[in-house]
Chemist: 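What follows is a single structure, and I will ask about it in a moment.
Everything numeric in this text was worked out from a predicted model, so none of it was measured.
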Amino acid sequence: GWQKRHFVLENNSLEYFNKKGGAHKGTIHLNTAIVYPGKNSKRIMISTGCARIYLKASSAVLAKQWVDAMILSQVSSGQKPQTAQERHETIQLHLNSLWGLQNSMEEKLSEVPKKLRDSNPALSEFVNISQSFKRLALDVLNEIVEEHNQLNELQDIESSSIASDYNKENSTPVSPHQCAHEREESIYEDAVSHEDLQEEPYRTHLPVPRDPNKKINIWKVIKDSVGKELSKIAVPVYFNEPLSFLQRLAEELTYNSIIHNACRSQDPCLRLAYVACFAISAYSPTKHRFMKPFNPLLGETFELQKDGFKLLTEQVSHHPPVSAIHCSHELYSFFGSTEIKNSFKGTHLRLHPSGLYNLQIHSTNDHYVWEKPYTNVHNLIIGKMYVDHHGTFTIKNLKGQEYAEVTMKKKGWFNKEEHCVTGKVFNSEGQLRYSLHGKWSSQVKIKNEITSEEFEGFSEYPYPLKFEQNYFFSEFAMQLNLPPELVPGLVPTDSRLRPDQRALENGNVDLANTEKLRLEDKQRKARKRREEQGVEYTPKWFELQEG
């Protein structure tokens with residue numbers, strides 16, 4: 001319960017005592033704190049960065065006076081009260097320093113021979129202290145995550161209450177809890193049943209909406225995996241979106257119409273410029289999506305017929321995880337394989353796709369090849385998550401020797417150059433013919449460097465209504481996991497038949513998690529049997545070609 005305390009505000013510090021003139025109980029330093037009005041008008045909340053302190057005054061007027069006085073004390077001391085964004089940036093800097101120190105310690109320790117460590121008690125103790133330090137740091141950071149999430153929830157509730165009261169003249173005040181409840185109901189009022197989708201093999205929404213504001217704490221899962229490969233870590237199903245990675249791979253063809261523009265062009269450099277725009281367009285669906293697709297099971301497949309093409313993907317290897325894709329159209333063929341290497345870098349997740357993508361245009365026999373750049377997922381610990389694709393990749397025409405260089409720029413401070421992409425297209429003699437500029441998330445333009453003419457190379461399609469409640473799926477993605485009864489002739493290995501993925505789409509998280517664990521265990525047992533029998537797995541539809 002609440003304990004009575006006597007407070008004294010002095011020198012940008014809040015001292016408190018058990019009573020006036022009594023024993024000193026503690027100090028709250030305001031130089032790095034954020035002061036908030038509480039949910040109740042009589043309450044005050046102070047966030048120090050590592051703890052939340054709740055105070056309650058005898059009246060709303062007195063509470064406001066104390067809040068104003070504490071903020072004034074911060075300003076008078078020459079300190080500008082930190083905003084949430086500034087607090088976030090400060091914590092990020094501390095996190096980067098912490099991981100740098102930890103990595104340096106581990107590197108230095110690895111240079112010390114094990115025999116020497118075992119024979120020197122002081123050195124052995126230092127190793128233990130280092131490991132204890134790491135565990136303690138992880139626990140503290142996890143507390144910061146929890147505090148940040150709860151502060152965000154409080155701010156969301158407060159802003160909802162203020163907006164509601166402001167927009168309703170002469171209305172009865174609404175409590176923050178009522179506002180949160182009404183907002184939740186408005187999100188889920190359009191939920192549809194599985195049966196509602198069976199009349200037409202097309203849908204504009206998933207069977208059960210998902211609250212886009214639902215908080216997930218991936219930190220608890222990956223906190224002990226700094227610098228490690230994450231493909232073997234079991235991730236709870238609530239981090240997943242209801243698609244397999246094989247279906248995500250099919251999303252490479254979302255903007256397949258750009259390939260048609262390339263096929264119609266008589267200029268080989270312009271064809272390559274369109275191919276570069278097609279390669280860039282594959283990133284557009286990722287800008288809002290931070291949920292993880294399901295890892296495909298070995299031998300899992302996905303087939304799709306759409307827009308005149310036939311597409312097949314297959315999981316051809318489990319360790320390392322390799323997925324292959326082939327898409328055939330009367331005008332072109334698109335194929336390749338990819339292995340996503342991922343690791344946790346302390347403050348962000350780094351993804352490194354490995355493997356060549358190929359595009360052949362049948363009428364000209366042009367054959368284009370490229371590899372994908374890096375992808376970082378930032379703010380896993382604190383702040384709003386965002387995806388940052390960055391790096392330079394080259395697209396080569398193996399027939400005509402034209403090539404393009406595409407640069408996806410890293411996001412800078414204050415969103416500078418966010419999603420920016422540039423490119424240059426050179427002819428077989430190395431002369432610049434076209435350039436590209438724009439954002440991979442929305443639009444890229446092509447410029448003829450000889451005539452200075454500019455025209456559209458790629459433009460983002462509009463999203464379906466309420467796409468935020470459907471895992472931020474595009475119209476293309478929304479059709480990839482249609483119920484199997486709407487897609488006749490599916491083979492038993494098709495992703496649409498996965499029970500864990502289907503259960504998640506239908507909103508049954510417990511069943512999805514149970515089925516996911518069952519399938520993973522079944523796969524491990526099958527692998528063990530092959531190893532015992534000395535049998536090497538052979539993919540059904542693809543074969544490995546060297547070189």
Side-chain angles (χ1 to χ4, degrees), residues 149 152-153 156 183-184 186-192 197 202-218 235-255 280-295 302 304 306 340 342 348-349 351 372 375-380 383-389 408 411 415 418-419 421 439-443 458-482 495-496 498 500-509 512:
N149 289 341
N152 282 345
E153 289 170 6
D156 289 343
R183 184 174 57 200
E184 184 178 57
S186 69
I187 289 174
Y188 290 96
E189 64 185 2
D190 293 320
V192 295
L197 302 173
Y202 176 88
R203 59 185 178 183
T204 59
H205 47 64
L206 299 179
V208 177
R210 179 185 183 277
D211 181 357
N213 298 311
K214 185 176 181 180
K215 300 291 191 299
I216 58 172
N217 190 351
I218 195 171
V235 177
V237 76
Y238 55 82
F239 290 130
N240 290 97
E241 62 179 20
L243 287 179
S244 165
F245 180 75
L246 296 181
Q247 293 164 311
R248 282 287 292 266
L249 193 56
E251 288 187 71
E252 296 280 337
L253 276 297
T254 299
Y255 292 90
I280 294 168
S281 73
Y283 293 97
S284 176
T286 69
K287 66 178 178 179
H288 299 297
R289 287 162 66 182
F290 313 116
M291 309 295 283
K292 181 181 179 296
F294 281 80
N295 289 335
F302 177 72
L304 181 68
K306 185 179 176 71
I340 305 294
N342 49 59
H348 65 275
L349 182 68
L351 308 177
K372 287 181 174 285
T375 293
N376 289 349
V377 183
H378 290 272
N379 293 349
L380 296 176
K384 184 178 180 181
M385 281 199 293
Y386 68 91
V387 174
D388 195 16
H389 307 292
M408 306 183 80
K411 176 183 175 181
N415 297 329
E418 183 178 28
H419 301 174
V421 60
K439 292 181 179 289
W440 55 260
S441 56
S442 54
Q443 186 183 59
F458 148 69
S459 184
E460 181 187 41
Y461 295 148
Y463 279 85
L465 291 174
K466 299 185 179 180
F467 77 104
E468 303 94 339
Q469 300 169 26
N470 293 277
Y471 294 86
F472 297 92
F473 282 177
S474 65
E475 182 274 340
F476 189 97
M478 202 80 73
Q479 317 311 315
L480 296 179
N481 201 48
L482 287 172
S495 300
R496 300 175 185 89
R498 284 189 61 151
D500 50 354
Q501 191 170 294
R502 184 64 56 191
L504 180 62
E505 181 177 284
N506 289 333
N508 193 335
V509 177

Chemist: First locate atom CG of L206, then atom CG of L482, and finally report the distance between them rounded to the nearest 0.5 Å.
Modeler: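 Reported to 0.5 Å precision, the distance equals 10.0 Å.
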
Chemist: Over 60° means perpendicular and under 30° means parallel, so tell me whether Y255 and F458 are parallel, tilted or perpendicular.
Modeler: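 Aromatic pair Y255/F458 classed perpendicular.
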
Chemist: Quick check for you: to the nearest 0.5 Å, what is the distance between N376 atom CG and L351 atom CG?
Modeler: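 Here the rounded value is 7.5 Å.
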
Chemist: To check you understand the geometry: which heavy-atom pair defines the closest contact between T254 and P285, and what is its length?
Modeler: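 Closest pair (atom of T254, atom of P285, distance): OG1-CG, 4.3 Å.
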
Chemist: For the residue pair N481 and R203, establish whether any side-chain heavy-atom pair is separated by less than 4.5 Å.
Modeler: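 Heavy-atom side-chain distance check passes, below 4.5 Å.
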
Chemist: Considering residues at least two apart in sequence or located in another chain, which fulfil the salt bridge (Lys or Arg N to Asp or Glu O under 4.0 Å) criterion with R248?
Modeler: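 Per chain and number, R248 pairs via salt bridge (Lys or Arg N to Asp or Glu O under 4.0 Å) with E241, E251.
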
Chemist: Measure the CZ-CG distance between R502 and N508 for me, rounded to the nearest 0.5 Å.
Modeler: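 Answer rounded to 0.5 Å: 13.0 Å.
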
Chemist: Quick check: closest heavy atoms across T375 and Y283, and the distance to 0.1 Å?
Modeler: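 Shortest heavy-atom contact: OG1-CE2, 4.4 Å.
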
Chemist: Indicate yes or no: at least one non-hydrogen side-chain atom of S244 is less than 4.5 angstrom from one of Q501.
Modeler: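 When only atoms from C-beta onward are counted, Q501 and S244 do touch, with a gap below 4.5 Å.
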
Chemist: Which heavy atom in T204 sits nearest to a heavy atom in M478, and how many Å separate them?
Modeler: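 Closest pair (atom of T204, atom of M478, distance): O-CE, 3.7 Å.
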
Chemist: Any non-hydrogen side-chain atom of F245 less than 4.5 Å from a side-chain atom of I340?
Modeler: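 With C-beta onward as the side chain, the pair touches.
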
Chemist: Which heavy atom in V237 sits nearest to a heavy atom in A512, and how many Å separate them?
Modeler: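 The pair with the smallest heavy-atom distance is CG2-CB, 3.9 Å.
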
Chemist: I need the H419 NE2 to M408 CE distance, nearest 0.5 Å.
Modeler: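 If we round to the nearest 0.5 Å, H419:NE2 and M408:CE are 9.5 Å apart.
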
Chemist: Could you tell me whether the side chain of P207 reaches within less than 4.5 Å of the side chain of E505, counting heavy atoms only?
Modeler: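 Yes; the side chains approach each other to less than 4.5 Å.
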
Chemist: What orientation do F472 and F467 show, parallel under 30°, tilted 30 to 60°, or perpendicular over 60°?
Modeler: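 Taking F467 first and then F472, their aromatic rings stand perpendicular (interplane angle over 60°).
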
Chemist: Would F473 and L243 count as a side-chain contact (heavy atoms from CB on, under 4.5 Å) here? Give the steps.
Modeler: CA-CA 10 Å; F473 282 177; L243 287 179; 3.6 Å; yes

Chemist: Mind checking the OH-CZ spacing from Y386 to F290? Nearest 0.5 Å is all I need.
Modeler: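 With rounding to 0.5 Å, OH (Y386) is 10.5 Å from CZ (F290).
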
Chemist: Between E475 (side chain only) and Y463 (backbone N and O only), is there a donor and an acceptor less than 3.5 Å apart?
Modeler: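 Looks like no, no N/O pair under 3.5 Å.
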
Chemist: CG of D211 to CD of Q469: how many Å apart, nearest 0.5 Å?
Modeler: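 Separation between the atoms: 8.0 Å.
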
Chemist: I want to check something: taking the side chain as every heavy atom from C-beta on, are H389 and T286 in contact at a cut-off of under 4.5 Å?
Modeler: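 Of all side-chain heavy-atom pairs linking T286 with H389, at least one is under 4.5 Å.
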
Chemist: Is the shortest heavy-atom distance from the side chain of L504 to the side chain of F294 under 4.5 Å?
Modeler: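 Yes. Closest side-chain heavy atoms under 4.5 Å.
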
Chemist: Would you please name every residue forming a salt bridge (Lys or Arg N to Asp or Glu O under 4.0 Å) with K287, sequence neighbours left out?
Modeler: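 Checked K287 against salt bridge (Lys or Arg N to Asp or Glu O under 4.0 Å); matches are E460.
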
Chemist: Taking side chain as C-beta onward, heavy atoms only, is L480 less than 4.5 Å from F302?
Modeler: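 Side chain of L480 against side chain of F302, heavy atoms only: contact under 4.5 Å found.
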
